[in-house]
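Taking it in order: structure first as structure tokens, then the write-up.
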There are 4 protein chains.
Amino acid sequence: MSKKQELRSEETKKSIITAAYELFAVKGYEAVTMREIAKQAGCSHTTIYIYFKDKEVLLYELSKPALLELKSTLKAKLEDHKLPADERIKAISRHFIDFCLMNHNMYLLIIMTQSSRVDQEPQIQPELNTLRIELFSILNQALQEYLQLSSDDKDKLLSCSRIYFYMLQGIVSTYHLSEESSEDLFKRLDRTFEEAFEVLLTGFRYREGMHD
Amino acid sequence: MSKKQELRSEETKKSIITAAYELFAVKGYEAVTMREIAKQAGCSHTTIYIYFKDKEVLLYELSKPALLELKSTLKAKLEDHKLPADERIKAISRHFIDFCLMNHNMYLLIIMTQSSRVDQEPQIQPELNTLRIELFSILNQALQEYLQLSSDDKDKLLSCSRIYFYMLQGIVSTYHLSEESSEDLFKRLDRTFEEAFEVLLTGFRYREGMHD
Amino acid sequence: MSKKQELRSEETKKSIITAAYELFAVKGYEAVTMREIAKQAGCSHTTIYIYFKDKEVLLYELSKPALLELKSTLKAKLEDHKLPADERIKAISRHFIDFCLMNHNMYLLIIMTQSSRVDQEPQIQPELNTLRIELFSILNQALQEYLQLSSDDKDKLLSCSRIYFYMLQGIVSTYHLSEESSEDLFKRLDRTFEEAFEVLLTGFRYREGMHD
Amino acid sequence: MSKKQELRSEETKKSIITAAYELFAVKGYEAVTMREIAKQAGCSHTTIYIYFKDKEVLLYELSKPALLELKSTLKAKLEDHKLPADERIKAISRHFIDFCLMNHNMYLLIIMTQSSRVDQEPQIQPELNTLRIELFSILNQALQEYLQLSSDDKDKLLSCSRIYFYMLQGIVSTYHLSEESSEDLFKRLDRTFEEAFEVLLTGFRYREGMHD
DNA sequence: CATGAATGAGGGTTCATTCAT
DNA sequence: GATGAATGAACCCTCATTCAT
């Protein structure tokens with residue numbers, strides 16, 4: 001009895017999430033209307049409000065599972081010591097970019113947004129913020145393990161991780177509105193991305209040496 | 001008579017552009033109202049439509065002079081051979097970032113947007129596109145002169161300039177929604193930005209050497 | 001089986017009535033949501049529709065028992081000849097006001113409404129109307145017994161009872177949206193209310209005399 | 001040029017006010033929609049927002065002139081010492097009731113509302129509140145002049161004016177939703193209203209005497 | 001009997017834009 | 001050339017109510 005209903009409900013919710021996901025990704029959060037989402041999800045726009053308090057909550061709930069998965073995947077890669085440190089950080093970077101490009105637009109807004117819009121919005125996503133911080137800490141750690149900096153060199157690490165993050169952010173934001181599929185992009189640019197990180201890591205190394 | 005009128009007309013147009021420029025920069029394109037612009041420009045909102053077909057055209061026309069100035073400044077820096085190549089490219093990068101952060105929000109959309117919004121809008125900015133290409137070609141040239149690549153190495157140059165552009169894009173997009181003023185950001189991060197480019201250039205150099 | 005079910009059913013209905021009663025009293029009919037009622041009643045909002053055709057019917061059915069009780073209480077006071085006539089009418093008035101203030105908002109709408117809303121609603125409460133008439137007839141009778149008018153003086157009585165009713169209505173409607181509890185109001189204004197009726201009754205008496 | 005336009009504008013505003021006035025009076029503030037008002041006013045619902053910031057402001061602006069006129073009329077009657085004190089207060093009362101019945105519903109909400117809804121609404125009508133206070137002070141003064149109370153008897157006056165106000169409020173609220181026109185009501189009940197005040201004033205007088 | 005799912009109608013409000021002057 | 005008046009489309013969201021289970 002209730003099972004069938006539950007199933008149907010779950011389906012509806014999923015279809016809303018899927019619709020919102022796609023629309024947010026293509027047109028951006030602000031430009032998408034609840035009615036549009038409903039139409040694509042095949043339900044009334046009021047139905048959305050059964051499952052999500054408002055548009056903002058829809059965005060956040062939409063983001064959480066994907067981000068959680070990203071986190072656990074990155075963590076696994078970080079802790080997989082079968083690979084050397086440089087391979088580890090490259091794998092992590094690659095996966096991170098891949099994720100961002102696949103979930104273009106929406107997650108970018110969430111992940112990349114750092115200090116933005118602090119002024120207006122009442123900071124409703126503390127959970128997401130925590131997640132974001134954790135994600136970056138994984139990247140940081142991978143970088144530290146690669147650079148083998150002594151713990152004194154906090155400044156050096158901070159500076160390097162900033163630079164490293166600029167590159168990630170740059171790659172993702174360059175292509176995040178592109179029409180090309182994430183797959184195609186990787187086919188075309190995978191080597192460039194890899195090179196980018198190699199250049200960076202090489203640069204880090206040599207500059208470090210120069211300072212000694 | 002007609003002269004006086006033309007003058008007045010030109011003034012009105014200018015005041016609209018100035019107002020829109022400031023408001024777009026501060027609040028972002030979407031968040032700014034035609035009425036707001038009109039108010040700040042000291043005219044009626046209908047007057048704007050005399051000079052600009054619609055809000056979008058206003059944005060584009062608004063961007064042109066600023067971009068033209070940027071271009072000529074960058075070109076001057078490129079051709080100023082009093083400085084060594086590495087200083088030249090660093091100066092160019094720095095100015096580019098500065099410009100983007102000062103005109104955050106609006107010009108970013110225009111400069112950074114590559115293939116974006118292809119889905120919806122009928123690509124109305126061919127002029128701007130040309131400008132954008134010219135801007136990037138300046139960056140490219142500066143890079144080439146620094147790397148002293150032979151003209152055979154087109155692939156190498158393309159790859160390097162992409163990577164270089166990622167870094168620029170990364171820095172700008174990281175801070176483009178920040179509340180900090182461009183000035184404050186530079187005060188705080190100028191050294192990091194410089195380091196970023198040094199790391200990159202160092203990386204380019206050493207990797208190049210390694211391949212030899 | 002059926003007995004148990006009936007019992008449960010009756011319970012649900014009662015809990016709905018109780019919930020609606022309290023909510024209507026506190027927030028007013030319009031401001032209360034069916035879902036709110038359901039929540040407080042501990043059932044689904046659709047369940048309400050099993051027992052009550054719509055929100056309006058719920059209000060009417062809700063009112064009946066309370067009004068019936070009011071009627072029987074007032075009647076008892078009217079027939080309690082241990083008290084003198086002036087005490088009787090004062091007790092009745094006081095109780096009437098008390099009731100209205102305690103059940104402010106909802107019963108007011110019903111009790112006080114005379115020819116209201118004729119424009120829109122198809123007058124669905126004939127039962128309630130009868131009750132209302134009975135209530136006022138009690139007040140009338142108490143007044144008549146106090147004034148000891150001969151049955152010829154129908155006009156005089158009508159006029160007096162109208163005036164008397166204005167005072168009741170005035171007191172109740174003055175405070176019916178007040179935040180103060182009925183208790184607090186009485187603590188603060190009981191003496192004023194009593195005085196109001198005394199003034200009125202005194203006025204009736206002396207004017208009567210003057211006419212003789 | 002501009003004159004014709006101004007005229008048209010003024011007309012539109014007036015038609016909105018008239019429409020809102022009538023609808024608020026008939027159906028009550030809450031039940032009336034902006035679209036309804038616009039329809040009856042013969043304009044788009046957005047046009048209303050040109051002239052009034054929002055629905056609430058519409059109500060307030062709507063009320064102000066009528067209330068101001070009421071105030072000046074009552075004041076004139078108060079200061080017209082050609083009439084004896086009892087005639088003065090009766091004329092004032094009558095006019096007050098007349099006004100309330102003619103402007104039934106809306107002005108009632110404003111005039112009669114004393115401490116109501118203090119909890120929710122952010123008290124946006126300080127101007128109106130001042131007006132209300134002034135109106136009641138006129139009634140008070142008329143009563144004081146009639147009763148010729150010494151200034152020591154503040155309590156006595158307060159109590160009397162409260163009771164007097166209950167009667168006013170009672171009469172108005174009894175008929176304020178009636179379908180009968182204010183004119184018809186007066187034809188039918190003018191004598192009763194007058195009697196009500198006579199009874200009250202008589203009562204005040206005699207009770208006072210009794211206390212001496 | 002009871003319920004969760006779903007909806008249509010409608011709420012106030014905003015905004016880019018057009019039209020008559 | 002410039003403007004105030006006016007509008008339609010669209011925004012997010014709420015609610016009483018119905019339907020399938």
Side-chain angles (χ1 to χ4, degrees), chain A residues 1-13 30-38 42-56 58, chain B residues 2 4-6 8-10 12-13 30-38 43-51 53-56 58, chain C residues 2 4-6 8-13 30 32-38 43-51 53-56 58, chain D residues 1-13 30-38 42-56 58:
Chain A
M1 310 259 160
S2 123
K3 221 174 177 180
K4 210 172 186 176
Q5 222 171 22
E6 254 177 58
L7 212 80
R8 190 152 144 59
S9 168
E10 207 58 35
E11 253 174 53
T12 306
K13 186 169 182 177
E30 300 270 348
V32 174
T33 75
M34 294 302 259
R35 279 176 160 84
E36 241 178 317
I37 296 170
C43 68
S44 161
H45 66 279
T46 55
T47 301
I48 301 177
Y49 289 93
I50 297 172
Y51 297 100
F52 307 94
K53 198 189 139 277
D54 57 29
K55 201 183 172 188
E56 207 165 6
L58 174 55
Chain B
S2 142
K4 212 175 187 177
Q5 230 175 16
E6 251 177 62
R8 192 155 137 55
S9 167
E10 206 54 37
T12 306
K13 185 168 182 178
E30 300 271 347
V32 174
T33 295
M34 292 302 259
R35 282 180 150 82
E36 248 177 310
I37 297 170
C43 69
S44 162
H45 59 281
T46 53
T47 303
I48 301 178
Y49 289 92
I50 297 169
Y51 297 101
K53 192 187 141 275
D54 57 29
K55 202 182 170 188
E56 204 168 5
L58 172 57
Chain C
S2 144
K4 212 172 181 178
Q5 230 172 18
E6 254 176 58
R8 192 155 137 57
S9 167
E10 206 56 34
E11 254 174 53
T12 306
K13 186 169 182 178
E30 300 272 348
V32 174
T33 295
M34 294 300 258
R35 281 180 150 81
E36 248 177 310
I37 298 169
C43 69
S44 163
H45 60 282
T46 53
T47 303
I48 301 178
Y49 289 92
I50 297 169
Y51 297 103
K53 193 187 141 274
D54 57 30
K55 202 183 171 188
E56 205 169 6
L58 173 57
Chain D
M1 312 263 159
S2 123
K3 222 177 181 179
K4 212 172 187 177
Q5 222 172 24
E6 254 177 61
L7 212 81
R8 190 153 144 59
S9 168
E10 207 57 36
E11 253 174 53
T12 304
K13 186 170 181 176
E30 300 270 348
V32 174
T33 74
M34 295 301 260
R35 284 170 164 85
E36 243 178 314
I37 296 170
C43 68
S44 162
H45 65 278
T46 55
T47 302
I48 301 177
Y49 288 92
I50 297 171
Y51 297 100
F52 307 95
K53 196 189 139 278
D54 56 29
K55 201 184 171 187
E56 206 165 8
L58 174 55

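These numbers come from a predicted model, not from an experiment. Only heavy atoms go into these numbers, but all of them, side chains included; no hydrogens, no water, no symmetry mates. All chains are named by letter (A, B, ...) in the order of the sequence lines, taking the proteins before the strands, and each is independently numbered beginning at 1.
Put simply, CD on E36(D) is 15 Å from P on dT13(E), counting in whole angstrom units. In this structure, Y51(A) places its OH atom 20 Å from P of dC12(F), rounding to the nearest Å. Protein atom NZ of K55(D) is 15 Å distant from nucleotide atom P of dG10(E), rounded to whole Å. Taking atom CD1 of I50(A) as the reference point, atom P of dG4(E) lies 12 Å away to the nearest angstrom. The interatomic distance linking K53(D) (NZ) with dG12(E) (P) rounds to 14 Å, in whole Å. Atom pair Y49(C):OH and dA16(F):C1' shows a separation of 4 Å (rounding to whole Å applied). Taking atom CD1 of residue I48(A) and atom P of nucleotide dT7(E), one finds them 10 Å apart after rounding to whole Å. Atom P of nucleotide dT17(E) and atom CG of L58(B) are separated by 10 Å, given to the nearest angstrom.
Formation of a donor-acceptor pair under 3.5 Å by the T33(D) side chain with backbone atoms of E36(D) is found in this model.
In this structure, S9(D) reaches the sugar-phosphate backbone alone: every heavy-atom distance under 4.0 Å involves primed, P, OP1 or OP2 atoms, never a base. Looking at heavy-atom distances under 4.0 Å, T33(C) makes contact with sugar-phosphate atoms alone, never a base. At a threshold of 4.0 angstrom between heavy atoms, the contacts of T46(C) include nucleobase atoms, whether or not backbone atoms are also involved. Residue-level contact check: F52(A) touches neither bases nor backbone, having no heavy atom under 4.0 Å from any strand.
Proximity of I50(C) to T12(C): side-chain heavy atoms (C-beta onward) are nowhere separated by under 4.5 Å.
Contact between Y49(A) and D54(A) at its shortest, heavy atoms only, is CE2-CA, 4.2 Å.
Remark: S44(C) is in phosphate contact with dG4(E), judged by side-chain N or O atoms under 4.0 Å from OP1 or OP2. Side-chain N/O atoms of T47(D) include none lying less than 4.0 angstrom from OP1 or OP2 on dA5(F).
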Please lay out, stage by stage, how E10(D) and L7(D) fare under the test side-chain contact (heavy atoms from CB on, under 4.5 Å). CA-CA 5 Å; E10(D) 207 57 36; L7(D) 212 81; 5.7 Å; no
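Distance CE/M34(D) to CD1/I37(D): 5.5 Å, rounded to 0.5 Å. Considering NZ of K13(A) and OG1 of T47(A), their distance stands at 13.5 Å, rounded to 0.5 Å.
Counting only Watson-Crick or G-U wobble pairs whose defining distances are both under 3.5 Å, the stems of 3 or more consecutive pairs in DNA chain E are E:2-21 with F:2-21.
In this structure, R8(D) and M34(C) both approach DNA chain F, and ranking their closest nucleotides by distance from the 5' end singles out R8(D).
Residues forming a side chain to side chain donor-acceptor pair (under 3.5 Å) with T46(C) (at least two apart in sequence, or on another chain): S44(C).
In terms of polar N and O atoms assigned as donor or acceptor, the side chain of R35(D) comes within less than 3.5 Å of the base of dG12(E) in a complementary pairing. Put simply, the side chain of H45(B) and the base of dT3(F) share no donor and acceptor less than 3.5 Å apart.
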